[in-house]
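Report on one structure; see the data block that follows.
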Amino acid sequence: MGSLGMSRWLATVAVLSACGNDMRTTDEPTETPAYRDINELFDQGFARTCSLNNGVCHNSKSYPDLHTVTGLIGTIDQPCNSDTTDPVLIHDACESAADRLVIPSAGIDVRIVSATLAPSEQELDVRNLTQVTLVLDPAPTGLTVGATDTEVRRDATIFAVGEYGARVASVNGAEVVLDLRSAYGETSTRRFFDVRVQPPGPLRIHVGDPNGNGIQGARTTTMPLIAVGDPDGSYLMRRLVDDSFGELMPRQCRTWDDRANRALGCWIAGLRVDDDGAVINAFDPIDYAGCSIEVEGLGKCTTPE
Ligand code: HEM
């Protein structure tokens with residue numbers, strides 16, 4: 001993962017006042033930063049680029065909602081690709097942490113990497129699903145066929161029942177088949193395992209590798225849309241300057257340009273939180289002088305249209 005780079009823009013203006021004469025170093029920037037704070041960047045950059053026609057691109061239509069400055073700030077710490085309907089298109093950086101299969105009688109608590117349904121027909125009524133095959137990490141040891149105290153956990157939340165859970169129908173290394181017909185509340189258990197529904201939302205299974213490329217993204221490169229103080233680790237920023245994260249945004253440049261990318265990166269870099277994790281300075285002036293980000297020429301829109 002490449003870095004957004006170091007400071008070509010670094011404001012190294014040393015203004016020394018000597019007998020009324022200002023002395024400046026020679027590498028002072030030639031341009032005044034375009035946007036003083038996030039409100040200015042929003043009004044002149046985001047609003048005119050992403051939110052035209054009542055926010056047609058990033059309001060109701062495309063995730064995330066960028067049609068107000070509150071919406072933009074609301075993307076802090078929010079997951080990326082959470083509206084993606086084809087799991088294959090989910091970027092590794094946006095894969096959520098895997099739910100865990102827990103079987104207390106066998107002392108098992110392992111990550112669920114993927115899930116495949118049987119019968120596999122896409123159109124099949126959820127009530128007719130009979131089995132789900134889970135690939136687990138690490139492969140469970142000591143698990144035998146017949147256990148029914150199966151449950152799925154996400155942090156402290158328990159899904160897919162416990163004592164009368166889906167029955168372990170077969171075990172083959174990392175692959176475990178659960179029989180959904182035996183589960184107590186079987187329809188809700190089947191719904192929970194229905195990986196055909198994408199995005200899964202909070203009430204269906206979250207597998208660790210939904211795009212199926214063998215990488216559990218949450219264990220390696222996980223990123224929220226905006227990570228406080230970390231433009232490199234912010235998917236929203238990456239989508240503006242790094243096409244390895246998907247088609248570069250914005251789709252149409254309008255007022256967006258290099259300076260907007262830099263302003264956004266410096267704003268993210270300068271964000272701070274209090275002890276409770278709440279952002280405390282979102283509306284402060286953007287700290288260009290203390291910002292070492294270099295994004296010039298990396299974006300799709302170098303100059304405004
Ligand atoms: C500076 C302005 C913009 C920013 C910062 C931005 C940012 C983003 C981000 C971060 C995503 C991925 C969201 C996710 O899946 O987590 C995205 C997706 C998308 N954006 Fe934008 N966008 C901008 C402008 C636009 C404009 C002007 C359009 C349409 C004309 C547009 C259309 C879309 C569409 C259709 C998607 C969903 C498909 C995809 O992820 O490639 N965006 N945008």
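The first residue in the sequence is number 1, and the count goes up from there. Ligands are counted one by one from 1 in listed order, and the atoms in each one are counted from 1 as well.
The heavy-atom pair separating Ile108 from Pro140 by the smallest distance is CD1-CB, 3.5 Å. The two residues Arg239 and Phe245 make their nearest non-hydrogen contact at CD-O, 3.2 Å. Nearest heavy atom pair, residue Asp258 against residue Leu298, reads OD1-N, 4.4 Å.
Annotation for ligand 1: atoms under 4.0 Å from non-hydrogen atoms of Phe46 are 5 (C). Interface atoms of ligand 1 facing Cys80, defined by a heavy-atom separation under 4.0 Å, are 16 (O). Close contacts between ligand 1 and Leu236 involve ligand atoms 5 (C), 10 (C) [criterion: under 4.0 Å to a heavy atom]. Within ligand 1, counting atoms from 1 as listed, the ones closer than 4.0 Å to a heavy atom of Asn81 are 14 (C), 15 (O), 16 (O).
The residue among Arg254, Met249, Arg239, His58 with a heavy atom at the shortest distance from atom 41 (O) of ligand 1 is Arg239. With distances taken over non-hydrogen atoms, the option nearest atom 24 (C) of ligand 1 out of Cys253, Ser82, Pro250, Pro64 is Pro250. When the heavy-atom distances from atom 11 (C) of ligand 1 to Tyr63, Phe245, Phe42, Trp256 are ranked, the shortest goes to Tyr63.
Gln122 is linked by a side-chain hydrogen bond (donor to acceptor under 3.5 Å, both in side chains) to nothing, counting only residues two or more places apart in sequence or in another chain. Not a single salt bridge (charged side-chain N to carboxylate O under 4.0 Å, His left out) links Arg272 to another residue, sequence neighbours left out.
Atom CG of Asp125 is surrounded by more than 12 heavy atoms from other residues, nucleotides or ligands within 6.0 Å.
With hydrogens and angles disregarded, no donor-acceptor distance shorter than 3.5 Å links the side chain of Lys300 to the backbone of Cys253.
Put simply, part of Leu66 is less than 4.0 Å from ligand 1, judged by heavy atoms.
At a 4.0 Å heavy-atom cut-off, ligand 1 touches Leu225 through the side chain alone.
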